[in-house]
Amino acid sequence: MNPPDEPTFHSHCGRSMSTIDLTFINYPADDADTVRDWAIDDDWSYGSDHGAIKWTINHGSAPIAETGRKTWKNAKKDRFCKAVAAARMRHIRTLQALRTPEPDQSLLDQAAKAMREILTEVADQTVPIRRPSYHSKPFWTDELTDLRDGTVMARRRCRDHFRRFRTPNPTLVTDLKHAENVFTSLGACSECKLHHIDGRNHLQRTSLSKVWSFMPLSIRF
């Protein structure tokens, strides 16, 4: 990040100066323009012969919308049940047809459609929408959770074997790499489907560390 030949050190005697304090970022951060406003600020040096380096991280970030996903854990059960009972009364004739001894297929289809309309309407009325968040992952699925947990277990097996025998197990390492690759690929593809972007190009730019941050993990190897 340092501009060429811009010194960060000035000796108090004024006889020497050098660029000894360096700032490094990786290629993904550079491509995404994550680090901005890099500068040397002598006002923050407080008498040191090294200049204070400052920069801005994640400049211009914005919360990610949840695309209508609901927070079911915050729903009020009593309110939800009362709303279902009230909405059910508007479809009572259709639903009562299910009590006939042998309802035909058309009656079953109508009842299923009525129940779907009831639950959709009540959910929209009583279940709050998730708020936008900087760390939201609206594309997350149960399959990604299972793959994440499997990767955690593969890491744990590699770690435990290494701690016991002080040498890695090739088979366990291969299993871990396979689990990481599948997890990375599916995570990138799920994000592509949500945002309707080119999956091939996006997958090439997706690293395991990025997908790994999708959900908190309980272990590191």
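Along the sequence shown, residues carry numbers from 1.
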message: Classify the ring geometry of Trp72 against Phe80: parallel below 30°, tilted from 30° to 60°, perpendicular beyond 60°.
response: perpendicular
How long is the straight-line distance from [atom2] of [Y] back to [atom1] of [X], given to the nearest 0.5 Å?
X: Met115; Y: His91; atom1: CE; atom2: NE2; answer: 9.5 Å
X: Arg164; Y: Arg159; atom1: CZ; atom2: CZ; answer: 14.5 Å
X: Ile40; Y: Trp55; atom1: CD1; atom2: CH2; answer: 11.5 Å
X: Asp124; Y: Glu121; atom1: CG; atom2: CD; answer: 8.5 Å
X: Thr151; Y: Leu144; atom1: OG1; atom2: CG; answer: 10.0 Å
X: Leu172; Y: Arg156; atom1: CG; atom2: CZ; answer: 13.5 Å

Shortest non-hydrogen contact from [X] to [Y]?
X: Thr19; Y: Pro7; answer: OG1-CA, 3.5 Å
X: Arg88; Y: Leu95; answer: CG-CD1, 3.6 Å
X: Ala87; Y: Val122; answer: CB-CG2, 4.1 Å

task: Name all residues meeting the ring pair (Phe, Tyr, Trp, His ring centres under 6.0 Å) criterion together with His178; count only those two or more places apart in sequence or in a different chain, and write none if there are none.
output: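 By the ring pair (Phe, Tyr, Trp, His ring centres under 6.0 Å) rule, His178 matches no residue at all.
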Within a reach of under 6.0 Å around [atom1] of [X], are more than 12 heavy atoms found that belong to other residues, nucleotides or ligands?
X: Ile92; atom1: CD1; answer: yes
X: Asp142; atom1: CG; answer: no
X: Met1; atom1: CE; answer: yes

Step-by-step side-chain hydrogen bond (donor to acceptor under 3.5 Å, both in side chains) determination, Trp38 to Thr23: CA-CA 9 Å; Trp38 189 98; Thr23 306; 3.0 Å; yes
- prompt: Can a salt bridge be assigned to the pair Arg90 and Glu117 using a cut-off of 4.0 Å between side-chain N and carboxylate O?
  reply: no
task: Please tell me if the side chains of Ile20 and His50 come closer than 4.5 Å, counting only heavy atoms from C-beta onward.
output: yes
query: For Thr94 and Lys113, what are the C-alpha separation, side-chain angles and deciding distance, and is it a side-chain contact (heavy atoms from CB on, under 4.5 Å)?
result: CA-CA 10 Å; Thr94 301; Lys113 180 179 178 181; over 6 Å; no
Is there a donor-acceptor pair closer than 3.5 Å between any side-chain N or O of [X] and the backbone N or O of [Y]?
X: His161; Y: Thr167; value: yes
X: Asp21; Y: Phe9; value: no
X: Thr8; Y: Gly51; value: no

Identified side chain to side chain contact (heavy atoms under 4.5 Å, CB included) partner of Leu176 from the options Arg155, Arg157, Met153: Arg155
